[in-house]
K.L.:
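Before I ask anything, let me first share the structure, which is written out below as structure tokens.
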Amino acid sequence: MTNREIATTLQTIADLLEIKGESRFRVGAYRRAAESLLNLGRDVADVRREGALEAVPGVGEAIALKVGELLDTGRLVYLETLEAEVPRSLTQLLGVPDLGPKKIKLFWEKAGVTDLAALEAAAKAGTLRDLPGMGPKSEAKLLEGLASLARRSGRTPLGRALPAAEAQLERLRAVPGVVRAEAVGSLRRRRETVGDLDLLVAASDPTAAMDAFTGQASVARVLGRGDTKASVEFQDGLRAQLWVHPPERFGTALVHATGSKEHNVALRERALARGLSLSEHALTPTDGGPEILLATEEEVHRALGLPYIPPELREATGEIRAAERGALPERLEVEHVRAALHNHSTWSDGKATIREMAEGAIARGYRVLAITDHSFGLGIAQGVDAEGLLRQRREIDAVQQELGDRLQLLQGIEVEIRADGTLDLPDDVLEALDVVVASLHVALRQPREQVTARALAALRNPHVDILGHPTGRLLPDREGADLDMDAVLSAARETGTALEINANPRRLDLPDVYVRRAMELGVMLSINTDAHRVEHYDFLSFGVDVARRGWVPPEAVINTWATERLVGWLGERKG
DNA sequence: GCCGTTTTCGGCCCGACTGTTTTCAGTCG
């Protein structure tokens, strides 16, 4: 079983226990363990072989036993017993907005509701209206929630959510009295997909900002509105939430709204241990002293005895402990990236000439640009062959002449890793190039052993410098190849090959959890936009965000190195 | 069910908002 499958099983247990009315702490324990497995970055089966299951955060004796049973038998007797008690189909009801475990239990016990269809039928028949705590408004809200569930299509990719949020922020910043407006929540933490858009505004009087937010033409429905918080659903089904807090409380508000929830819990526990209660409004001494107002996040962290913790690390995966020890990674900035090592031109499926790509790179402050068109084997991209590469070299030399020392051009290739694991250009051709990116595009659905063997063969080819977009996934829907990622990472370290963080928002590949594992193992990384046109260079910040989420310091990214060092490294790899 | 420079047992964040309620429960983040 995969980590994801085991995590899903633990989530199901949590759901069933919650509906059953079990202790919320026990429920939370299963959820924490599930989250922990998803963040592990390596196969839980390997961790178990090392006897280290209980070293995984949130996994204790009881859950370790259950994980072991799942790994050994693919089944879990505990879950089967639970399902005999509480119908599993009830868990789908938890996805309905504003419907939680208490009411689900009520509907199940008092109205015989066991799934979504039965819920809708019961609500329409009016049989839920008279249950305790229910009423006509609750019934209408429930029906609306069901309709909304049918309209929505899961989480929104960061690449779509970020521009939508920017448009909202621009609108809010224009409102009189608004001092600041920021995207918060998982968006600010730069998770690869987000649920709702979370926005935070600093203003002494919330009314104008709230009005501007809820009154837009694109708003289909106002879901709620209070003194400090409003939420809406746009016509396209996307939901957004706005908090408004006064500027002098913006620090605590920003910490609160950025999350993650688990990170906030850890921060608040830390505050309590210091005799302080932390909320979005203020830090308040528990002995009854006056509120301490904090306008910036830096002040909040300082008040808790911590250095600043950047948003993308706030996932409750050890960042507070690391901050305490002064062991947070040096933060990677877009400006650190000086080399673009994976780019296309009109020689394959790119839309810009080498010259145009070069000018675009200079405009963005790059010092090194590698042209890495597709090799000819990838049919859809009309790649270059050995003879084409010779002609392309002459063009690159000519453009280099014109550019002088404004930019160093490199000639490379994105060479296809074929279904049989060979590369579709011979070694002597690869050897003559400055940089070689090897990528999987075809036969991604091969069995684990087979597709892993292809990646390993590419990594072990001495001419390959970078493994491009390692998993081949496409967000939000196409899963990547079923790679044995620890084997891939180990081979990358052994051979000194860099793994790519592909910054295209549809890829974000290597995914952040494996990036963090790569850092544990000492693997080098290369952040590239895979630009097919000049504007694609602007994807870079997405790649930097993935690296930050993976605790990557600038030093571990070959694109940050000074030109001589980078070119020297590429040269040495030629032997 | 997990976890420990306050604990191996007794804790395990904090508040907004809504809809049902005469003071609170449920849900959300």
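Side-chain atoms are counted along with the backbone in the values below, which use heavy atoms only and exclude waters and symmetry mates. Fair warning: this is a prediction, and the values are worked out from it, not measured in the lab. Throughout, a chain's letter reflects where its sequence line sits, starting with A, and its residues are numbered from 1.
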K.L.:
With P as the reference atom in both, quote the distance from B/dG26 to B/dT22 in angstrom, rounded to an integer.
P.N.:
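The same atom, P, in both gives a distance of 14 Å.
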
K.L.:
Starting at NZ of A/Lys103 and ending at P of B/dT27, how long is that distance when rounded to a whole Å?
P.N.:
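After rounding, the reported distance stands at 6 Å.
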
K.L.:
Please state how far atom CG in A/Asp98 lies from atom C1' in B/dT18, giving the value in whole angstrom units.
P.N.:
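The distance from CG of A/Asp98 to C1' of B/dT18 comes to 8 Å, rounded to the nearest Å.
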
K.L.:
My understanding is that only one of A/Arg548, A/Arg549, A/Arg191 makes a side-chain hydrogen bond (donor to acceptor under 3.5 Å, both in side chains) with A/Asp512; could you say which?
P.N.:
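So the option named by the test is A/Arg549.
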
K.L.:
Between A/Lys105, A/Arg24, A/Arg26, A/Arg31, which is the residue that forms a salt bridge (charged side-chain N to carboxylate O under 4.0 Å, His left out) with A/Glu18?
P.N.:
A/Arg31

K.L.:
Can you tell me the distance, in whole Å, between the CZ atom of A/Phe107 and the C1' atom of B/dA25?
P.N.:
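It is 13 Å, rounded to the nearest whole Å.
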
K.L.:
If the P atom of B/dG15 is compared with that of B/dG10, how far apart are they to the nearest Å?
P.N.:
27 Å

K.L.:
Mind checking whether A/Tyr30 and A/Tyr78 have parallel, tilted or perpendicular rings, split at 30° and 60°?
P.N.:
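Taking A/Tyr78 first and then A/Tyr30, their aromatic rings lie parallel (interplane angle under 30°).
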
K.L.:
What integer distance in Å separates A/Leu53:CG from B/dG1:C1'?
P.N.:
15 Å

K.L.:
If you check the A/Lys66 side chain, which of B/dG4, B/dG19, B/dG1 turns out closest?
P.N.:
B/dG1

K.L.:
Over how many whole Å does the gap from A/Arg129 atom CZ to B/dT21 atom P extend?
P.N.:
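Going from CZ in A/Arg129 over to P in B/dT21 covers 13 Å.
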
K.L.:
When you compare B/dA25 with B/dT20, how far apart are their C1' atoms, in angstrom units rounded to a whole number?
P.N.:
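Result for the C1' pair: 8 Å, nearest Å.
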
K.L.:
Both A/Gly100 and A/Met134 contact DNA chain B. Taking the nearest nucleotide for each, which residue is further toward the 5' end?
P.N.:
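Looking at the nearest nucleotide for each, A/Met134 comes out on the 5' side.
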
K.L.:
Distance check, C1' atoms only: B/dT7 and B/dG11, in whole angstrom units.
P.N.:
8 Å

K.L.:
Verify salt bridge (Lys or Arg N to Asp or Glu O under 4.0 Å) between A/Lys229 and A/Glu280, making sure each step is shown before the conclusion.
P.N.:
CA-CA 12 Å; A/Lys229 210 168 108 179; A/Glu280 59 264 54; over 6 Å; no

K.L.:
Taking only nitrogen or oxygen atoms into account, show me every contact under 3.5 Å that the protein makes with nucleotides 10-15 of chain B, one pair per line with its distance.
P.N.:
unit_1	atom_1	unit_2	atom_2	d
B/dC12	O3'	A/Glu269	OE2	3.4
B/dC13	O2	A/Arg268	NH1	2.2
B/dC13	N4	A/Lys261	NZ	3.4
B/dC14	OP1	A/Ser277	OG	3.1
B/dG15	O3'	A/His281	NE2	3.3

K.L.:
Taking atom P in both B/dG4 and B/dA16, what distance in whole Å separates the two?
P.N.:
31 Å

K.L.:
Whole angstroms only, please: what is the CZ-P distance between A/Arg239 and B/dG29?
P.N.:
9 Å

K.L.:
Looking only at side-chain N and O atoms, does A/Thr296 offer a donor or acceptor that is under 3.5 Å from a partner on A/Glu299?
P.N.:
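The answer is yes; a qualifying pair exists.
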
K.L.:
In whole angstrom, give me the gap between the P atoms of B/dC17 and B/dT21.
P.N.:
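Each nucleotide's P atom is 22 Å from the other's.
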
K.L.:
Using purine N1 to pyrimidine N3 plus N6-O4 or O6-N4 for Watson-Crick, or N1-O2 and O6-N3 for G-U wobble, both under 3.5 Å, which nucleotide pairs with B/dG4?
P.N.:
B/dC9

K.L.:
Output a table of nitrogen or oxygen pairs between the protein and nucleotides 7-9 of chain B separated by less than 3.5 Å.
P.N.:
none

K.L.:
Would you kindly compare A/Ile104 and A/Thr228 by the position of their nearest DNA chain B nucleotide and give the one closer to the 5′ end?
P.N.:
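Final value for this comparison: A/Thr228.
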
K.L.:
Take atom CG of A/Leu128 and atom C1' of B/dG19, then tell me their distance rounded to the nearest Å.
P.N.:
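In whole Å, B/dG19 C1' and A/Leu128 CG are 15 Å from each other.
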
K.L.:
Closest approach to the side chain of A/Lys102, judged atom by atom: which nucleotide of B/dG29, B/dG19, B/dG26 is it?
P.N.:
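In terms of side-chain proximity for A/Lys102, the closest of B/dG29, B/dG19, B/dG26 is B/dG26.
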
K.L.:
Given B/dG1, B/dC17, B/dG29, which nucleotide is nearest the side-chain atoms of A/Gln241?
P.N.:
B/dG29

K.L.:
Taking atom types as modelled, find out whether A/His263 and A/Glu315 have a side-chain donor-acceptor pair closer than 3.5 angstrom.
P.N.:
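Per modelled atom types, A/His263 and A/Glu315 side chains form no pair under 3.5 Å.
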
K.L.:
Considering only atom C1', compute the distance from B/dC13 to B/dG29 and round it to an integer number of Å.
P.N.:
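That atom pair is separated by 12 Å.
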
K.L.:
Looking only at atom C1', what distance separates B/dT8 and B/dC3, rounded to whole Å?
P.N.:
9 Å

